[in-house]
Amino acid sequence: MASINLSENFMSQISVTIFSAKPYDKTFLEQAATAELCFTCYDLPLNPISASMAQGALIVSAFVNDDLSRETLEVLHQGGTRLIALRCAGYNQVDLLAAKQLGVTIVNVPAYSPYAVAEYTISLMLALSRKLPRAYNRVRDANFSLDGLLGFDFYGKTVGIIGGGKIGCLVAERLKAFGCSILIYEPYNQAACQGKGFELVDIDNLLARSDIISMHCPLTEDTQYLIDENAIQKMKQGVMLINTSRGGLMDTRAVLGALKLHKIAYLGLDVYEQEGSLFFEDHSSEIIQDDVIQRLITLPNVIVTGHQAYFTKEALIHISETTVSNILDFVAGSKLINKVDLS
Ligand code: NAI
């Protein structure tokens with residue numbers, strides 16, 4: 001890595017400016033911190049305007065929906081920032097070319113708790129199939145009728161997993177234990193999916209045969225709108241679609257159209273392509289201007305949650321500890337095991 005003289009910083013405290021810092025982030029980061037780190041936390045997203053608040057901070061920490069475009073990176077660089085410690089795995093929000101050109105190093109937390117996301121994915125599937133949100137609301141109103149709550153067994157169903165990485169394989173293993181047949185579309189790392197009783201298939205085969213489809217691949221240029229109108233046409237009538245990965249993997253308007261036609265019978269989303277301006281904040285007193293999400297959340301066969309699949313105690317401990325260790329490695333000039341490179 002580029003060598004930076006940090007001896008002066010070691011003498012004093014190392015200033016780290018943290019964006020999108022909710023109270024729980026602050027608590028866990030402070031628990032993981034060492035004495036030489038001085039955190040300034042802002043419950044504000046990072047963008048080209050807020051970036052000036054990090055003036056003088058060698059290190060900035062950002063989260064999943066922060067804007068790390070060239071414009072933001074230039075402001076940070078001008079203010080003296082040389083490391084951006086992402087508190088998430090995904091880095092699709094970072095202009096890696098601009099970071100490289102400016103000499104700003106990016107590190108991430110590659111896996112904080114794949115178990116958290118895998119377990120949450122399955123909870124979305126079960127809640128949808130057994131209509132738990134409707135049942136819960138009904139009983140609170142002393143309505144014990146079962147009309148409209150008919151579910152289906154997972155046993156014997158075929159589940160298609162798109163992306164057989166850490167989370168995809170955990171979801172697959174758990175659903176196999178339910179008695180499901182598992183299809184996996186994994187173009188790059190097939191070895192990790194072999195020998196586990198899963199069938200590796202191409203995407204069209206998966207779309208055509210699956211009763212439930214769950215997305216577990218990263219958002220890249222190749223995967224943007226992987227689920228579009230064309231892909232939906234290839235799916236079974238009445239399919240369940242789950243996305244706990246990234247909103248941009250699906251053309252949400254096309255998905256909404258397919259829900260109206262009953263082609264998609266169940267939809268579970270923990271991510272949304274326009275989530276940046278909505279998620280992690282309370283908008284309950286506002287009129288939401290985004291008609292697509294507003295329509296989705298009214299449908300009885302849709303569950304939308306606000307990017308909470310990762311949100312367990314274990315994951316927050318891991319995120320904080322890895323972020324602190326990434327920062328300390330950078331300061332010490334050690335090898336950065338979680339460096340995100342342009343490739
Ligand atoms: P991973 O890197 O272990 O697995 C991703 C897999 O997707 C890799 O095996 C990769 O080869 C595969 N892949 C790449 N391009 C693909 C394509 N075009 N089609 C199919 N597969 C492709 O990542 P991990 O830890 O399993 O995470 C998966 C995704 O989960 C992340 O990219 C992230 O977007 C999302 N995530 C969501 C969270 C949440 O709170 N909702 C929290 C953490 C991750």
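Starting from 1, each residue takes its place in the sequence as its number. Order of appearance sets the numbers: ligands from 1, and atoms from 1 within every ligand.
- Backbone and side-chain nitrogen or oxygen atoms of Gln308 are examined, and none is located within less than 3.5 angstrom of a nitrogen or oxygen of ligand 1.
- Interface atoms of ligand 1 facing Ala309, defined by a heavy-atom separation under 4.0 Å, are 39 (C), 40 (O), 41 (N).
- For ligand 1 and Gly165, the ligand atoms under 4.0 Å from any heavy atom of the residue are 3 (O), 4 (O), 6 (C), 9 (O), 26 (O).
- Screening residues 213-271 for ring pair (Phe, Tyr, Trp, His ring centres under 6.0 Å) gives Phe152-Tyr266 as the qualifying pairs, with residues at least two apart or on separate chains.
- Atom 30 (O) of ligand 1 has as its closest protein heavy atom Ser245 OG, 3.3 Å.
- When all heavy atoms of Leu73 and Asp95 are compared, the closest pair comes out as CD1-O, 3.4 Å.
- Between Tyr91 and Leu86, the shortest heavy-atom distance links the atoms CB-CD1, 3.8 Å.
- Between Phe279 and Tyr272, the angle of the ring planes lies from 30° to 60°, which puts this pair in the tilted group.
- Between Phe19 and Tyr42, the ring planes lie tilted relative to each other; the angle falls in the 30° to 60° range.
- Scanning Tyr185, Tyr112, Tyr120 for the heavy atom closest to atom 43 (C) of ligand 1 points to Tyr112.
- Among protein heavy atoms, the minimum distance from atom 40 (O) of ligand 1 is reached at Tyr310 N, 3.0 Å.
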### Task
Step by step, work out the side-chain contact (heavy atoms from CB on, under 4.5 Å) result for Arg138 and Lys131.
CA-CA 11 Å; Arg138 235 180 233 196; Lys131 302 178 169 62; over 6 Å; no

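- Scanning all protein heavy atoms for the shortest distance to atom 18 (N) of ligand 1 gives Thr223 CG2, 3.1 Å.
- Distances from atom 28 (C) of ligand 1 to the heavy atoms of Gln190, His216, Met215 show the closest one on His216.
- Closest of all the heavy-atom pairs between Ala51 and Val75 is CB-CG1, 3.7 Å.
- The closest non-hydrogen atom to atom 44 (C) of ligand 1, taken over Ile167, Asn189, Thr121, comes from Ile167.
- Remark: ligand 1 atoms within the under-4.0 Å shell around heavy atoms of Cys217 are 7 (O), 13 (N), 16 (C), 20 (C), 21 (N), 22 (C), 32 (O).
- The nearest heavy-atom contact from the protein to atom 2 (O) of ligand 1 is Lys166 NZ, 4.0 Å.
- Atoms of ligand 1 found under 4.0 Å from any heavy atom of Tyr188, numbered from 1 in the order shown, are 11 (O), 14 (C), 15 (N), 16 (C).
- Of all protein heavy atoms, the one closest to atom 20 (C) of ligand 1 is Pro187 CD, 3.3 Å.
- Under the 6.0 Å cut-off for aromatic ring centres, Tyr310 and Tyr120 do not qualify, their centroids lying 6.0 Å or more apart.
- When Thr312, Thr244, Val117 are checked for heavy-atom proximity to atom 37 (C) of ligand 1, Thr244 turns out nearest.
- The neighbour count for Lys100 NZ, taken as heavy atoms of other residues, nucleotides or ligands under 6.0 Å away, does not exceed 12.
- Other residues, nucleotides and ligands contribute over 12 non-hydrogen atoms within 6.0 Å of the NZ atom of Lys157.
- Any N or O atom pair closer than 3.5 Å counts here, and Glu186 shares at least one such pair with ligand 1.
- Relative to atom 7 (O) of ligand 1, the option among Pro218, Gly247, Cys193, Gly90 with the closest non-hydrogen atom is Pro218.
- The shortest contact between atom 33 (C) of ligand 1 and any protein heavy atom is with Arg246 NH1, 3.7 Å.
- Between the side chain of Glu186 and the backbone N or O of Asn189, at least one donor-acceptor pair lies under 3.5 Å.
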